[in-house]
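Both ligands and their constituent atoms are indexed starting at 1 by order of listing.
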Amino acid sequence: MLQIEHVSKQYKTGDFVQQALDDVSVNLRDNEFVAILGPSGSGKTTLLNIIGGLDRYDSGDLIINGTSTKKYKDRDWDSYRNHTVGFVFQSYNLIPHQTILSNVELALTISGVSRKERHIRAVKALEQVGLGEHVNKRPNQLSGGQMQRVAIARALVNNPSILLADEPTGALDSETSVQIMDLLKEVAKDRLVVMVTHNPELAHQYATRIVELHDGVILSDSNPVVEEEVPKEQAQHRTFGKASMGLLTSLSLSFNNLRTKKARTLLTSFAGSIGIIGIALILSVSTGVNRYIDNIQRETMTSYPITIQEQSFDLNKIMDSAQESEKEAKSHKDLKAIYPDDSSIKGASSLTSSITQNNLTGFKKYLDNPKSEIHQYVGSVGIQYSYDTKFAVFGHDPEGKLVSADKVTMGAQDTGSAASQMASANTNSDMGDIQSMQMSHLTGKTDKNKAPEIFGEIMPGADAKTTISKVVTDNYQVVDGSWPKAKDQVVLVLDKNNQIPVTSLYKLGVLPSNQYSDIMSKLNSGQEVETDTSPIDYSKVMQQKLSMVPAADQYVKGDDGHYRYIGDNADEMAKVADKAMPLQIVGVVRPNEDAKATPLKVGVGYTRQLTDYLIDQAKTSPIVTDQEADQDHSVLNGMAFAPADDAAKASDAKDYIASLGVSQKASMAQGFMSGSSAGVQMGAGSQGSAATAPSEQASASGAMAEQQTAQAFDQYIATAPQDVLVAIYNQYVSTGTYADNLSDFGMVSRNAPSRISIYTDSFENKNSVGDAIKHYNDKASEKNKIVYTDYVGLMMNSVTTIINVITYVLIAFVGVSLVVSSIMIGIITYISVLERTKEIGILRAMGASKRNVSNVFNAETGIIGLLAGLLGVGITLLLIIPANSIMHHFMGTTEVNAALPVSGGVALVVLSVVLTLIGGLIPSRKAAKQDPATALRTE
Ligand code: ADP
Ligand code: MG
């Protein structure tokens, strides 16, 4: 029973109030065919909409099966319409873009019936109204009568207990009207049918009861419900289950709608995709550029690590001082006096004072701690420690003569003049001399016995197991033989053009050493030099036998228990070399054509294994063990490193002179007589250099002269005063230090590298390494602070910053276009809402909730957003192809390749969906808020 009790409804338009229903009370039986008659505007539709829950009454009550609807919520009304009521309208109200089957299924769809059952029930309902063969047609392919039958089928498919028909025959001819009325009469057999009509004939012919309405008031009722029929109990409030529509349904509704407007959807999506294309393009290009920079960075960083030397210059300080001097010079405007120029002294001073000694032992301790901050930034090449191992290498030239890898020919004929030194490429500039002097002074390490210049260690892998770093194997190719695998294997390293300095070949004994002597003597006498540069087979070099003599093996213990240096004695060294460890040249390598890093020195490369071997060897050598046993006296001459007083020094001086040979004595006498200049030149050199550095005068004078000088010198020394002897001691005898000796003997501590190179994979990480060192320095004591200069960093940092700034600016611009395009999509959705107002009304009449309606529109914007995103990404992928060729053309490199990263593409599609959803949010909420009754009244 449906009870309408004192229901009133007013419509207010501006100041005008229309009383559509005025205190209407009528009870409807569960099973009857009620016709409501009345002139236009009498409130029939209003009454029907209130009965069907499409419109709300202002006052009174609608009691459905004893349940009051006063407290009904939206949800209850939605459910009531969906499950209990079926609507049929004058204008059919079919959804044009859906097939009639889908139209009929709609009510079931909304109530969440499964797809299969939906289909079965919809087909059955259509068969009932005689349209079984037309299920796949669209509404506009049917006649009016057929459409109304579809509407009836749709109303009945949920098997509602109430069917409400608002002038169902109003738009039909009389013949079709009769068919429809027959159908409704049939339907009314087992349910309540309320039909509004202003055709009294049809009403009287078919209806079981006729209610007449006029100006919102019931005039007559042909078969009113009598008092007894009305249930006695009080109206109760009960809620219905809810009508629900899944997301998929919303999507398919929207998708079908969009399909009917393909061109517009495509255009909308395209417009929406423009912003996405912009961002995607920028992203692709910047990804390409960044990848390129990353590559360059990685490659650059492998060739330019942060290098911390045992000694470091503060380059900035030197530059500052130079600039200051220049400024000062310019400030002398009125040239009226003499201005002493101290720039060279200041320069030298800034140079020497800028040299700092790094405590690498302390820093290595920090690096060895795996918990140190720095490790997270270290790259794949790792941290490399270099050690000053000391050794000599000998070989035999084609004529069988002993050749030293350090100075080719052994013996006195090598006078070491400037020209020959320059040619053999072993010398430094003047500046370098000062540096190395200062350096050795600072470190206590001397250059004596240092490894031959042409020998270099091959960078080992980051882990202990890999002999050769990937950086090396990646950038070099083996042109013959193989990479060394053991300590006694080495490779010959050529440059990109397969070249190696001819002097290096002399030093390895590949070319005859007498040619070299010839060249040197010609150089010294200013003659034209001819060289033999005919190509040499790889195999010839690889056959060359070399022997490795550690520094400690260049000393022999004499009968007096003192060790004697034999490193410059050809005969003795030949014997030592015969017994020494052989080095085998197992391969020839050269940098690849496109090598990015060339960490190997042209010459001979040896393995870390050899370094390790040399370190171990030195530690256990007799000379080092002996020296370590008595740390106060030099094992070379038994003299104290630090004599107690001047008397001890004088006596040491006498002992020293007595032990010298004739020519040594003579040269010393000459040096001593000619003043202190010789002494300055010898400077920090050890006693060995005094013996091996004959002056030019000495070599010029004959043997007889030498003899006399030596004798005279001996006589002079015998009676010399103590201060002269002390002076001689200080200048020539001073045995240096304990540390000097150990260093000369090749003793190296693994805790004290001479250089630490920290490799990173990016500039960012390199900067972080810099920060980590800063933090280390903050905590370290003054003398443990680490000083180094980072040259590449300063320059490259600004490049990356500039690129980042450009990218951000571009993204900001494109972001604006993205906002614009989402606003546009909002507007288009808004238009769509206006267009589909009727559909919204139909959906609501079917029982769709506000939420369902907004979901339909959200689904639509979502689909457009998705389409826009996919279109944008797709178009970008196409645009990248020409963009790349343009970039290659202008940049002159094919290494910059724009590429859209997958994650970026996905993110952009999501962004597009989210933005369009936001753009469509307001319109879709407006759609949801539409009053269903009003929505249905719109045409
Ligand atoms: P009928 O269906 O009998 O032709 P209606 O129920 O449609 O009449 O309308 C009853 C009265 O209420 C009419 O005067 C109509 O103008 C008015 N009316 C109906 N709906 C609205 C509305 N949404 N806003 C203002 N007036 C309305
Ligand atoms: Mg009407």
Legend entry - Carboxylate-amine/guanidinium proximity below 4.0 Å for Arg29 and Glu32: yes
Inset, instruction - Would you mind finding which of Lys12, His198, Gln19, Lys44 brings a heavy atom closest to atom 3 (O) of ligand 1? - result: Lys44
Inset, instruction - Consider every N or O of Thr13 and every N or O of ligand 1, then say whether any pair is closer than 3.5 Å. - result: no
Inset, instruction - For ligand 1, indicate whether the residue Arg937 contacts it via side chain, backbone, both or neither (heavy-atom separation under 4.0 Å). - result: side chain
Legend entry - Exceeds 12 heavy-atom contacts within 6.0 angstrom, atom CG of Leu878: yes
Inset, instruction - Using distance alone, decide if ligand 1 has a nitrogen or oxygen within less than 3.5 Å of any nitrogen or oxygen in Thr934. - result: no
Legend entry - Nearest neighbour of atom 1 (P) of ligand 1 from the list Gly216, Gly38, Gly41, on a heavy-atom basis: Gly41
Legend entry - atom 16 (O) of ligand 1: the protein heavy-atom neighbour that sits closest, reported with distance to 0.1 Å: Gln18 CG, 4.7 Å
Legend entry - Residue and atom name of the nearest protein heavy atom (relative to atom 2 (O) of ligand 1), distance in Å to one decimal: Thr45 OG1, 2.7 Å
Legend entry - Polar contact flag, side-chain donor to acceptor under 3.5 angstrom, Thr99-Ser102: yes
Legend entry - Sub-4.0 Å atoms of ligand 1 with respect to non-hydrogen atoms of Pro39: 3 (O)
Legend entry - Proximity of Ala933 to ligand 1 by residue part, where a heavy atom lies under 4.0 Å: neither
Legend entry - NZ/NE/NH1/NH2 to OD/OE distance under 4.0 Å, Lys44 and Asp166: no
Legend entry - atom 18 (N) of ligand 1: nearest protein contact (heavy atom, Å): Tyr11 CD1, 3.3 Å
Legend entry - SB check Lys70 Glu5 (cutoff 4.0 Å): no
Legend entry - Within 6.0 Å of NE2 in His134, more than 12 heavy atoms from elsewhere: yes
Inset, instruction - For Ser40, counting its heavy atoms only, list the atoms of ligand 1 lying under 4.0 Å from any of them. - result: 4 (O)
Inset, instruction - Taking the side chain as every heavy atom from C-beta outward, state whether Glu167 and Leu48 have any pair of such atoms under 4.5 Å apart. - result: no
Inset, instruction - Return the residue, atom name and 0.1 Å-rounded distance of the protein heavy atom closest to atom 6 (O) of ligand 1. - result: Thr46 OG1, 2.5 Å
Inset, instruction - Check step by step if side chain to side chain contact (heavy atoms under 4.5 Å, CB included) holds for Leu28 and Val34. - result: CA-CA 8 Å; Leu28 302 172; Val34 184; 4.0 Å; yes
Inset, instruction - I would like to know whether Ser8 and Asp23 meet side-chain hydrogen bond (donor to acceptor under 3.5 Å, both in side chains); could you show each step before the answer? - result: CA-CA 5 Å; Ser8 292; Asp23 193 23; 5.0 Å; no
Legend entry - Contact (N/O only, under 3.5 Å) between Ala20 and ligand 1: no
Inset, instruction - Examine Thr46 and say whether one of its N/O/S atoms is closer to the Mg ion (ligand 2) than 2.8 Å. - result: no
